[in-house]
Colleague: 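This is the structure, below, for whatever I ask next.
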Amino acid sequence: MIESKNSSPEPIPTASDLPKARPLGFGCLPLVVPGSRSPKEWLSDVRRGLEQMATVSNIAIQVRPEHLPERAEHPGAAEPSADADSEDDNISEGFWVEPEYGSISFEVHIPERLQKDILSDGSISRRKVGAEHFRVRTEYAFHGPATFVWVLDDVDPSEVNGSDAVLLVYRFTNQELQRGGTGVRMARVGPSPFHMDALLRASTSPQEAALSVARIAMYGYESVEFLYDRERSEGLDEAGASLEDSLRDQLSLYYWLQRQVNRDSREVGALADSTDQLVRDHSGTGLSGWWTRVLRSSASARRLGLQALNLQTRETERAGFSVAMTKRILAQSDTLPAFEPYLRQLSDENNQALISNARDVVQFVETGRRSDFEVLMISAATVLGGVAGGVVGFIAAAAGAS
């Protein structure tokens, strides 16, 4: 049984009474190989890439053959980018290869003397994480990969947090993989690190659930403590494995939804550009502006309207799917609802204001264009009628004269 609470963690009498704790961070950092021609080749390439890293140990690739796809299941998934920081990761339908289930884990040592250069761009306030040994575990769940980064050093939790560790591990791993020349790359879907400072520790008093979560209100990233009952777990390793199991599906769904939102946002950007162009077309003056407005903009308006309608349909479907899947995952008895607020926030995220604006612009300009076109037709009919009448009169006069 798992429980969640929003109160502060129980008071700790003295520093000496503090149970052993382990910081951790979350992200989406799957390993991809652009040149892999088959899933089995991907497995061997990933292992070879990790094994050539001198500071990596305890590599465990737990992916069964029946859980490997026979081919790329998503458009573009077979040829991922070779760039370490590829924006395509944030909108990818899937990664090559993306097992249906399984995991890849390894431990990595990143000496403190190297951390200053790796983090020299100011991505975090400090130039070192405060730890050197990390366990990286990427779980492949129903909706895609989710990554847990654990700090393995026996450190004061106030001196290190897992979010910083995620960024450090990502950059160091990619640097070493690139240096090894195996073609393996660690992809990244933002936000990675996830915006949460997390810690796993033993509860100081008995609790009904094997795991519980305490949210601590503070500025910046949300601070969360995961508490495990010492009567039900032998230590941090066992409790950590249980925690991964209870969070995996939520985190997998979160990053899948985030990629959907990112793709929609990119298309909404294109929608906004098309809307601005249509407004400019209808703002022209003189004969050229009139010609464009009345005779050339109809197809553009129709395309914009269809684009807006398609996006609105997709967002509505995504929101419904998100709500249903979040409810389903949280209803599972072994789920710890740590990411529930974030999933609900993604479910509510939409671009309806921009989509509605595009549809309003289409309606407005098309109404004006039709009016101008009707005036043109009436004027043309009048002119043509006059000309026709003149021609008929001329013919009649000529016939009478003869």
Colleague: Taking atom CG of Leu243 and atom OH of Tyr228, what is their separation to the nearest 0.5 Å?
Modeller: 11.5 Å
Colleague: With a 3.5 Å distance limit and no angle check, can you tell me whether Asp229 reaches the backbone of Pro206 through a side-chain donor-acceptor pair?
Modeller: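 No.
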Colleague: Closest approach of Gln258 and Pro191, non-hydrogen atoms and distance?
Modeller: OE1-CD, 4.0 Å
Colleague: Is any side-chain heavy atom of Trp150 less than 4.5 Å from a side-chain heavy atom of Leu200?
Modeller: yes
Colleague: Closer than 3.5 angstrom, by distance alone: can the side chain of Thr335 be matched with the main-chain N or O of Leu330 as a donor-acceptor pair?
Modeller: no
Colleague: Set out, in order, the CA-CA distance, both residues' side-chain angles and the distance that settles salt bridge (Lys or Arg N to Asp or Glu O under 4.0 Å) for Arg259 and Asp264, then state yes or no.
Modeller: CA-CA 9 Å; Arg259 283 181 278 158; Asp264 288 348; over 6 Å; no
Colleague: Does Arg328 CZ have over 12 foreign heavy atoms under 6.0 Å away?
Modeller: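 No - once you tally the heavy atoms of other residues, nucleotides and ligands closer than 6.0 Å, there are 12 at most.
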Colleague: When rounded to the nearest 0.5 angstrom, what distance separates CZ in Arg48 from CD1 in Ile59?
Modeller: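 The CD1 atom of Ile59 is 12.0 Å from CZ of Arg48, to the nearest 0.5 Å.
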Colleague: Keeping the roles fixed (side chain from Glu139, backbone from Ser103), state whether a donor-acceptor pair exists under 3.5 Å.
Modeller: no
Colleague: Check whether any side-chain N or O of Gln115 sits under 3.5 Å from a backbone N or O of Leu168 as a donor-acceptor pair, and report yes or no.
Modeller: no
Colleague: Can you find a pair of side-chain heavy atoms, one from Thr204 and one from Leu227, that are under 4.5 Å apart?
Modeller: no
Colleague: Does Arg188 make a cation-pi contact with Tyr170, if we ask for NZ or CZ under 6.0 Å from the ring centre and within 45° of the axis?
Modeller: yes
Colleague: Mark yes or no for whether Ser347, through its side chain, and Leu343, through its backbone, hold a donor-acceptor pair below 3.5 Å.
Modeller: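 It does hold such a pair.
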Colleague: Do you know the tightest heavy-atom contact between Arg248 and Ala146?
Modeller: O-CB, 4.4 Å
Colleague: Output, in order, the C-alpha distance, side-chain angles, deciding distance and verdict of side-chain contact (heavy atoms from CB on, under 4.5 Å) for Arg201 and Glu225.
Modeller: CA-CA 7 Å; Arg201 68 174 177 84; Glu225 285 193 355; 3.0 Å; yes
Colleague: Any side-chain heavy atom of Phe134 sitting closer than 4.5 Å to one from Leu152?
Modeller: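 Answer no - side chains too far apart.
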Colleague: Can you find a heavy atom in the side chain of Val33 that is under 4.5 Å from one in the side chain of Val97?
Modeller: no
Colleague: Would Thr55 and Phe172 satisfy side-chain contact (heavy atoms from CB on, under 4.5 Å), going step by step from the backbone distance to the final call?
Modeller: CA-CA 10 Å; Thr55 62; Phe172 177 79; 3.4 Å; yes
Colleague: Distance-only, no hydrogens or angles: does the Thr326 side chain make a donor-acceptor pair with backbone N or O of Val323 under 3.5 Å?
Modeller: no
Colleague: Examine distances only and state if a side-chain atom of Gln52 and a backbone atom of Arg179 form a donor-acceptor pair shorter than 3.5 Å.
Modeller: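 No, the answer is negative, given that no donor and acceptor are paired below the 3.5 Å cut-off.
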Colleague: Working note: Tyr254 + Leu346, criterion side-chain contact (heavy atoms from CB on, under 4.5 Å); need CA distance, chi angles, decisive distance, verdict.
Modeller: CA-CA 8 Å; Tyr254 175 85; Leu346 271 184; 3.4 Å; yes
Colleague: Looking only at non-hydrogen atoms, find the nearest pair between Ala338 and Arg215 and report the distance.
Modeller: O-NH2, 2.6 Å
Colleague: Could you tell me which non-hydrogen atom of Pro23 sits nearest to which non-hydrogen atom of Val160, and how far apart they are?
Modeller: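 For Pro23 and Val160, the tightest heavy-atom pair comes out as CG-CG1, 3.7 Å.
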Colleague: Any sub-3.5 Å donor-acceptor pair from Arg230's side-chain atoms to Ser203's backbone N or O?
Modeller: yes
Colleague: Considering only heavy atoms from C-beta outward, does the side chain of Glu244 approach that of Ser246 to under 4.5 Å?
Modeller: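 Glu244 does not reach Ser246 side chain to side chain.
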Colleague: Hey, mind stepping through Ser223 and Asp197 against side chain to side chain donor-acceptor pair (under 3.5 Å) and telling me if it holds?
Modeller: CA-CA 5 Å; Ser223 184; Asp197 290 332; 5.7 Å; no
Colleague: Would you call Asp154 and Arg22 a salt bridge, using N to O less than 4.0 angstrom?
Modeller: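 Looking at Asp154 and Arg22, the cut-off is not met.
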Colleague: Could you report the tightest heavy-atom contact between Leu336 and Leu247, atom names first, then the distance?
Modeller: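 Looking at all heavy atoms of both residues, the closest pair is O-CD2, 3.5 Å.
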Colleague: Rounded to the nearest 0.5 Å, how far does CZ of Arg137 lie from CZ of Phe148?
Modeller: 8.5 Å
Colleague: Keeping the roles fixed (side chain from Glu176, backbone from Thr173), state whether a donor-acceptor pair exists under 3.5 Å.
Modeller: no
Colleague: Show the nearest heavy-atom pair for residues Leu211 and Ala239, with the distance to one decimal.
Modeller: CD2-O, 4.4 Å
Colleague: So Glu107 and Asn58, side chain to side chain donor-acceptor pair (under 3.5 Å) or not? Walk me through it.
Modeller: CA-CA 6 Å; Glu107 294 179 11; Asn58 294 329; 3.0 Å; yes
Colleague: First locate atom CZ of Arg171, then atom CD1 of Ile110, and finally report the distance between them rounded to the nearest 0.5 Å.
Modeller: 12.0 Å
Colleague: Going from CG on Leu257 to NE2 on His143, what distance comes out if it is rounded to the nearest 0.5 angstrom?
Modeller: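 Nearest 0.5 Å value for the CG-NE2 distance: 7.5 Å.
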Colleague: Output yes when a side-chain donor or acceptor of Asp164 lies under 3.5 Å from a complementary backbone atom of Val129, and no otherwise.
Modeller: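 Checked: no pair found.
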Colleague: Decide, yes or no, whether a salt bridge links Asp89 with Arg185 under the criterion of side-chain N to carboxylate O below 4.0 Å.
Modeller: yes
Colleague: What distance do Arg47 atom CZ and Leu43 atom CG have between them, rounded to the nearest 0.5 Å?
Modeller: 8.5 Å
Colleague: Check the side chains of Thr138 and Thr147 for a donor-acceptor pair under 3.5 angstrom, ignoring hydrogens and angles.
Modeller: yes
Colleague: With a 4.0 Å cut-off on N to O distance, would you call Arg314 and Glu317 a salt bridge?
Modeller: no
Colleague: Describe, in one word, how the ring planes of Phe26 and Phe226 are oriented to each other, choosing from parallel (under 30°), tilted (30 to 60°) and perpendicular (over 60°).
Modeller: perpendicular
Colleague: Centre-to-centre under 6.0 Å for Trp42 and Phe95, is that the case here?
Modeller: no
Colleague: Considering residues at least two apart in sequence or located in another chain, which fulfil the ring pair (Phe, Tyr, Trp, His ring centres under 6.0 Å) criterion with Tyr342?
Modeller: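 Phe194.
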Colleague: Does atom CD of Gln345 have more than 12 heavy-atom neighbours from other groups under 6.0 Å away?
Modeller: no
Colleague: Decide side-chain contact (heavy atoms from CB on, under 4.5 Å) for Met196 and Phe339; before the verdict, give the C-alpha distance in whole Å, the side-chain angles of both, and the deciding distance to 0.1 Å.
Modeller: CA-CA 10 Å; Met196 177 189 289; Phe339 297 100; 4.0 Å; yes
Colleague: Within the 4.5 Å heavy-atom criterion, are Tyr140 and Glu100 side-chain neighbours or not?
Modeller: no
Colleague: Could you check whether any side-chain heavy atom of Leu177 comes within less than 4.5 Å of a side-chain heavy atom of Leu31, counting everything from C-beta outward?
Modeller: yes
